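Some notes on the structure that comes next.
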Amino acid sequence: MKNKQVADIFNKVAALLEIKGENPYRVRAYQRAAQVIEALTTDVEELAKQGRLSKLPGIGADLAQKIKEILRTGTLSLYEELKKEVPPHLLTFLEIPGLGPKKVKAIYEKLGITSIEELEEACKKHKIAKLPGFGWKTEQNILKGIKLFREKTGRKPLGEILPLAEEVVRILTETSPVEQIAIAGSLRRRKETVKDIDILITSTRPHDVMKRIVELEFVEEVIAFGETKTSVRLRPGIQMDVRVVEPDSWGAALAYFTGSKAHNIRVRELALEKGLKINEYGVFKGDKKIAGKTEEEVYEAVGLPFIPPELREDRGEIEAGLKGELPKLVEYDEIKGDGHVHSKYSDGTASLEEIMQKAEALGLSWVAVCDHSQSLKVAGGVPIKDLFEKKRRIEELNKRSKRVKLIFGSEVDILSDGSLDYPDDVLKEIEFVIAAIHTGFQQSEEQITNRILSALRHPFVHAIAHPTGRVIGERDAYELNLTKIFEEAKKYGKALEINAYYKRLDLNDINARAAKERGIPLIIGTDTHFIDQLEYIGFGVAVARRAWCEAKDILNTLNYEEFKAWLEKVRNQS
DNA sequence: GCCGTTTTCGGCCCGACTGTTTTCAGTCG
C-alpha cells in the first residue's frame, strides 16, 4: 500500500507551501488530502485504477492527478520544485515550539539560516531580536524551544500516559474541590500515542483546584498558572493542560478539547450551514446560547447523534452520523476472553493458576494460554514434551474451575521458509494456534508476505499474531503486502490479532478497520508476560473501537463454548 | 485546492494568548 507514501508527500508539500506563505486554504487542502489518504482502508492504487480518486472527500481533479503522478513516478514534480525553493531542512523548524511558518520564513529569508545549530547561534548573538516583528522575548522562546525540541522523544505511548492521567484524576477527585472532571484530548480518543494530557474540570473554587495541581508530586515545572487554565510539565516529560469551565459549558468544552481538530472543523462547518456557531462555550444562534451543557446537546444541535470519542477523527463518522449509520461499537465490558497470554511454560512469569485467578478478578471467562514454540529459545519456547504436560495441566484446572476456562494455545513461530515450528501431528493437538513472525524481519516484502500467507493456508492455524510486527517507538512494521494477507485470511476464515500490548497495538486502528470491512474476524490478545498486564486488554478494545468494530467483529465477545466452536469450525473447514 | 437544493466564484472553524506592537500578526490547540 502506497497510502502512507502519498500522505507523507502531501504533508510535506503543505508545510513547504506554508513556509512560502501560500494561500492557507491551499495548504489546508493538502493537509486534509493527506489525512484522508492515510486513513483509507483500501489501497490508493486500487482506487486510482478504478478512477475513483476524485470521489474521496477533499480530493478534486487536481489532487487526483497528483496522486496518480506519485503512484507512477514515486514523487511529485511540485514537491521536487518546492524543495529547490525552500530548503527541506526548514521543515524541522516547524517542530520547534513557538516557531510557525511565518517566523521560519523570515529567519530563512533575512538571515539565510537553514539548520538548528545556525538558529541557536543566531539567537545567542541576538541577531534574531533585531528582525522586524521579533524581539528579545521571542529570541529567548526560540532558545527554549530548541532545548525542548532536542529533549523531546516524540509522542508517548497511550499505555504509559493513560494510567498517569487516571491517577491525576483520582487524586484531584479525592483531594480538591472538583465537581466534574474528565480526561479529554487524544487520550480520551484512545489514540495509540499522545502528545499531552488534557484535563477538564468544573468547580466553584477553581483557584484551590489549580493550587492542588501544581502541588502534585509528579509536577516538574509550572508553565502557566491561571484560574481557568494551568499548564505543567509532569516528570515523565509530558505536558498537562488543565482547564476549568462553567458547568453550563461542560459539554461544549469537552467536545472542543477532545478533538480531533479535523473532527471539530467538520462539526463547526455543519453548524455554519445551519446558521449556528460553535465554540468551547456552547452552540450559539446569533448571541443566544442554545446548547452546551452536554456533548449530546452539542451534537444534536447540528443534527448529529452522539459520536463516541474513539471515532472523532474525521474518518467518515460525520457522514455516517448524518445518515444514522454509526456503528454500535464493541463495549469494554463485552469482552469475555483474552486471546494471547504467556505463562511460565515459556517466558511469562505467571503460573496457570495465577492466570486463572487474575482472569476471574477481571471478569473474564476464558484465556488462551499461548506460549512460544520450541525454536524460539530466547523466549523459552516450549519443547514438545512439555507441551503435552501443559495440556494435561490445563485440562485438570478446567475441570475444577467453573467460572474461568483456559484454552490450550501456542504462539507458533513462522520459520524463515514459511513452515511452522511444530510438526503437524503436534499442531493438531493444540486447541488454538496463533502463528507469528519473530525472526527474519529483514526479508523482502515478498518473502515475509509469503511466510504469513503459507501460515494462513495451513489447516491447523487459527490466527496470526501481531501481523505487521511494528513496535511503537522502536521498530517499524516489516515490509508486508497487507492486501494479500487480508484476501487470504478472508478466504480461509482465519483471524487476525489486535495485539493489545501498548507498544504493539498491531493491527493498528486503520488496518483493523480494513480487516473488519472485509469481514475478517479479529481477536484481541494482551500478549502479556506479567500477570498485572492482563488489565491491558482495554488498549486492544480501544483499537477495535477506533477501527469501527462492533461486538460481532471481535472473537473475544464470544463465550467459552462459542469460541471453542469457532476454533473447531476453522479446523473442520480446512 | 476544494466545493456548491441559495453559489461554478468566493467562500473556506474558532478563540486565547503572546509579543510586538500602538491596533495586530503569529502561534497554538
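Note that the coordinates shown come from a computational prediction; the quantities given were computed from them, not determined experimentally. The sequence lines fix the lettering, A, B, ..., with proteins before strands; numbering per chain opens at 1. Just the heavy atoms: all of them, side chains too, but no hydrogens, waters or symmetry mates, feed the values below.
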Looking at [X], does any N or O in its side chain come under 4.0 Å of the phosphate oxygens OP1/OP2 on [N]?
{"X": "A/Lys195", "N": "B/dG29", "value": "yes"}
{"X": "A/Tyr30", "N": "B/dG1", "value": "yes"}
{"X": "A/Lys261", "N": "B/dC28", "value": "no"}

* Asked: Is the count of non-hydrogen atoms from other residues, nucleotides or ligands lying under 6.0 Å from A/Glu220 atom CD greater than 12?
  ->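 It does: A/Glu220 CD has more than 12 such atoms within range.
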
* Option among A/Glu317, A/Arg315, A/Glu313 that satisfies the side chain to side chain donor-acceptor pair (under 3.5 Å) test with A/His263 ->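 With A/His263 as partner, A/Glu317, A/Arg315, A/Glu313 yield a single side chain to side chain donor-acceptor pair (under 3.5 Å), made by A/Glu317.
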
* Under 3.5 Å: donor-acceptor pair, side chain of A/Arg518, backbone of A/Ala514 ->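 Flag set: sc A/Arg518 to bb A/Ala514 pair under 3.5 Å.
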
* Asked: Cation over ring, A/Arg312 on A/Phe306, under 6.0 Å and within 45°?
  ->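 Yes, A/Arg312 and A/Phe306 form such a contact.
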
* Could you work out which one of B/dG19, B/dC2, B/dC12 sits closest to the side chain of A/Asp62? =>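 Between B/dG19, B/dC2, B/dC12, the one nearest the side chain of A/Asp62 would be B/dC2.
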
* Can you tell which of B/dC14, B/dC12, B/dT27 lies closest to the side chain of A/Leu272? ->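 So the nucleotide nearest the side chain must be B/dC14.
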
* Could one point to a donor on the side chain of A/Tyr256 or the base of B/dG29 with an acceptor on the other under 3.5 Å away? ->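 In this structure, the two groups form a donor-acceptor pair.
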
* Please state whether the base of B/dG29 and the side chain of A/Asp196 form at least one donor-acceptor pair under 3.5 Å? =>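 No, the side chain and the base share no sub-3.5 Å donor-acceptor pair.
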
* **Complement of B/dC28, any strand, by Watson-Crick or G-U distances under 3.5 angstrom** =>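 By the stated definition (distances under 3.5 Å), B/dG15 pairs with B/dC28.
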
* Does A/Thr138 or A/Gly60 map to a spot on DNA chain B nearer the 5' end, using the closest nucleotide for each? ->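 Counting from the 5' end, the first nearest nucleotide belongs to A/Gly60.
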
